[in-house]
Amino acid sequence: MGRRPGHAKGHGPGVSQAGGGGTAEDAGGERSDATRLVTAGRRREWTGGIVNPPVWRASTILYGSVAELRAAGHDTHHRLFYGRRGTPTQWSLADALTELEPGAEGSFLYCSGVAAIAAALLSVLTPGDELLMVDSAYDPSRAMATGLLARMGIFTRFYDPMVGGRIADLIGERTRAILLESPGSLSFEVQDVPAIVAAAKARGVVTLLDNTWATPLLFPAIEKGIDLSIMACTKYVVGHSDAMLGSVTAAPGRFAALRDTSFQLGQIASPDDAWLGARGLRTMGVRLAHQGASALKIAKWLSARPEVARVLHPALPSCPGHEFFLRDFKGASGLFSFVLAGGSDAARAAMIDGLALFGIGYSWGGFESLALPVDPQKHRSVNRRDDAGPMVRLSIGLEDPDDLIADLDRGLARFAKT
Ligand SMILES: *Cc1c(COP(=O)(O)O)cnc(C)c1O
């Protein structure tokens, strides 16, 4: 859906590479992420001179003649062919995501993050293969492994998120791929990605990373050697809790299989949702910076509270893999968990129920703060967790962090009283 301009061939009429929209490549120089977020994907032939690429909705594409229809051929890259192959609205966002991952070949969009994970895995795995999946993976990724993949004869082994280079001991004859997620869902273990990538490359094993938490702005996954970088764009890219969207960005040599698999699965993100994603992307840098700073302030405040046993925030030493966070990440986003010091499920509910500024709901990465009771042990099979009390996950939004702290302060008082 969005190869780097340098890889593109066979542009249709009116789809030249010399458009004034501007990419880092045609400017011939390195731009910082902040600047790329503004310029990426805005080719003039797609925007028509409008600042934001408009919504191109289509199923049928009309050709001028039978000869033109035949001449169109089947290389549909950045070429209007049929609605399922996309329009400039989706190509623009896919290209922008590719530009944000230094070294990437191309990106494909999906109707959700889970659809992106499925397509990425299916582009690599064949019946009889083995997949190694991190034990702290997003629960629907686990469900995909134990459900769909198992039915297809693909066997999954779960591994300790802190395995690091010892992953080499788990790689067997049939191991074809390793799924990483760093930090892990709910419990935020930061993985030693370079060590795992090195072990995988030595054995010809493909690495896939769910990079939803960091985005390429905080962890440029392809540059770090990952083969397929997956994002639930539903979270920080869309950023406003009003659309579902996923993406996979591929390292060189991995895009063709990803695109073919996605086409065969009939995958397409709607132009309207892609447009919302592109709109969100422009402000993702400033949102992440604000939300990241607020979340860290709140995490530090929580870690000094007697009602809190442990804060699981990658930028704090109390989080497993903190040293890898310091070494590999450019910063933290706005999602973390904390463990209460003892207390019951009812006490946790009393704390969360009375919060005035935090919504109670799934998903995260929007402009508004959320609080969620989480129980990671239900979704683990490798290690038993030994948490001191119930756990709460917070997604910090764009509110004033001091207002959020005051809200949490009253929440912890309710928890202590229950
Ligand atoms: C939400 C989420 C997903 C799935 O994204 P959807 O768009 O909800 O399907 C995948 N991975 C992680 C880490 C997530 O938090």
Side-chain angles (χ1 to χ4, degrees), residues 90 93 97 107-122 133-145 147-149 158 161 179-191 193 208-219 221 226 228-249 262 265 267-270 272-274 276-277 280-281 284 288 291 295 312-314 321 329 332-337 359 361-366 368-376 378-380 391 393-397:
Q90 293 104 326
L93 175 59
L97 294 175
S107 304
F108 204 97
L109 302 181
Y110 302 86
C111 61
S112 72
V114 166
I117 295 165
L121 287 169
L122 292 174
M133 182 178 285
V134 66
D135 201 35
S136 51
Y138 183 58
D139 185 35
S141 299
R142 294 182 73 98
M144 200 183 297
L148 175 72
L149 296 182
F158 293 93
L179 183 93
L180 303 89
E181 185 179 323
S182 181
S185 271
L186 312 181
S187 46
F188 296 89
E189 296 90 342
V190 183
Q191 295 191 252
V193 175
L208 304 90
L209 171 73
D210 185 331
N211 200 27
T212 302
W213 186 87
T215 83
L217 299 185
L218 303 178
F219 188 86
I226 291 289
L228 294 167
S229 175
I230 305 164
M231 260 198 298
C233 299
T234 306
K235 313 291 165 57
Y236 285 122
V237 173
V238 168
H240 294 70
S241 308
D242 50 9
M244 304 293 299
L245 202 63
S247 68
V248 181
T249 299
S262 304
L265 288 167
Q267 284 293 355
I268 179 82
S270 87
D272 295 86
D273 292 339
L276 282 168
L281 190 70
M284 186 169 79
L288 270 181
Q291 289 169 274
L312 299 171
H313 184 300
F329 285 67
S333 67
L335 187 80
F336 68 96
S337 291
Y362 294 111
S363 201
W364 47 277
E368 83 295 6
S369 291
L370 296 173
L372 193 70
V374 293
D375 300 289
K378 287 184 186 161
H379 316 290
R380 302 287 182 267
M391 204 186 280
R393 190 187 74 181
L394 298 179
S395 176
I396 302 303

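Indexing begins at 1, ligand by ligand and atom by atom, following the structure's order. It should be emphasised that the depicted structure is a prediction, and the values quoted were computed from it without experimental measurement.
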Novice: Name the one of L180, T249, L208 that satisfies side-chain contact (heavy atoms from CB on, under 4.5 Å) with I226?
Specialist: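 Only one of L180, T249, L208 forms a side-chain contact (heavy atoms from CB on, under 4.5 Å) with I226, namely L180.
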Novice: Does the side chain of L394 come within less than 4.5 Å of S369's, by heavy atoms?
Specialist: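 Side chain of S369 against side chain of L394, heavy atoms only: no contact under 4.5 Å found.
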Novice: Polar-atom distance check: S185 versus ligand 1, any N or O pair below 3.5 Å?
Specialist: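 No, S185 has no N/O under 3.5 Å of an N/O on ligand 1.
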Novice: Tell me: protein heavy atom nearest atom 6 (P) of ligand 1, and distance?
Specialist: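 Of every protein heavy atom, G113 N, 3.3 Å lies nearest to atom 6 (P) of ligand 1.
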Novice: What orientation do H313 and W213 show, parallel under 30°, tilted 30 to 60°, or perpendicular over 60°?
Specialist: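 Rings of H313 and W213: perpendicular, as their planes differ by over 60°.
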Novice: Taking the side chain as every heavy atom from C-beta outward, state whether F219 and L209 have any atom pair closer than 4.5 Å.
Specialist: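 Answer yes - side chains close enough.
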Novice: In the protein, which heavy atom is nearest to atom 8 (O) of ligand 1, and how far is it?
Specialist: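 Nearest protein contact, heavy atoms only, for atom 8 (O) of ligand 1 is M244 CE, 3.5 Å.
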Novice: When you measure from atom 15 (O) of ligand 1 to every protein heavy atom, which one gives the shortest distance, and what is it?
Specialist: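 Residue, atom and distance for the closest contact: K235 NZ, 2.7 Å.
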Novice: Pairing donors with acceptors under 3.5 angstrom, does anything connect the side chains of S241 and E368?
Specialist: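 Yes.
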Novice: Which heavy atom of the protein is the closest neighbour of atom 4 (C) of ligand 1, given with residue, atom name and distance?
Specialist: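 Its nearest protein heavy-atom neighbour is Y138 CE2, 3.3 Å.
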Novice: Just so I know, are the side chains of F188 and R393 near enough to count as touching, which here means a heavy-atom distance under 4.5 Å?
Specialist: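 SC-SC contact between F188 and R393 confirmed.
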Novice: Counting both backbone and side chain atoms, is some N or O of V114 under 3.5 Å from an N or O of ligand 1?
Specialist: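 Yes; at least one N/O pair falls below 3.5 Å.
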Novice: Could you check atom 7 (O) of ligand 1 against the protein and tell me its nearest heavy-atom contact, residue, atom and distance included?
Specialist: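 Minimum-distance protein heavy atom for atom 7 (O) of ligand 1 reads T234 OG1, 2.5 Å.
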Novice: Below 4.0 angstrom from a heavy atom of S112, which ligand 1 atoms are there? Numbered from 1 as shown, please.
Specialist: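 Listed by number with element: 7 (O), 9 (O).
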Novice: Counting heavy atoms only, which of D210, T212, V238 comes nearest to atom 11 (N) of ligand 1?
Specialist: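 Looking at heavy atoms only, D210 sits closest to atom 11 (N) of ligand 1.
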Novice: Does W364 come within less than 4.0 Å of ligand 1, judged by its heavy atoms?
Specialist: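 Contact present.
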Novice: Are any non-hydrogen side-chain atoms of M244 and C111 less than 4.5 angstrom apart?
Specialist: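 When only atoms from C-beta onward are counted, C111 and M244 do not touch, as no gap falls below 4.5 Å.
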Novice: Do T212 and D210 meet the criterion of a side-chain donor-acceptor pair at a distance under 3.5 Å?
Specialist: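 There is such a pair between these side chains.
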Novice: Are any of the N/O atoms in E181 less than 3.5 Å from those in ligand 1?
Specialist: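 N/O-N/O distance under 3.5 Å: no.
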Novice: Between A232 and ligand 1, does any nitrogen or oxygen pair lie at a separation below 3.5 Å?
Specialist: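 No; the residue has no nitrogen or oxygen that sits under 3.5 Å from a nitrogen or oxygen of the ligand.
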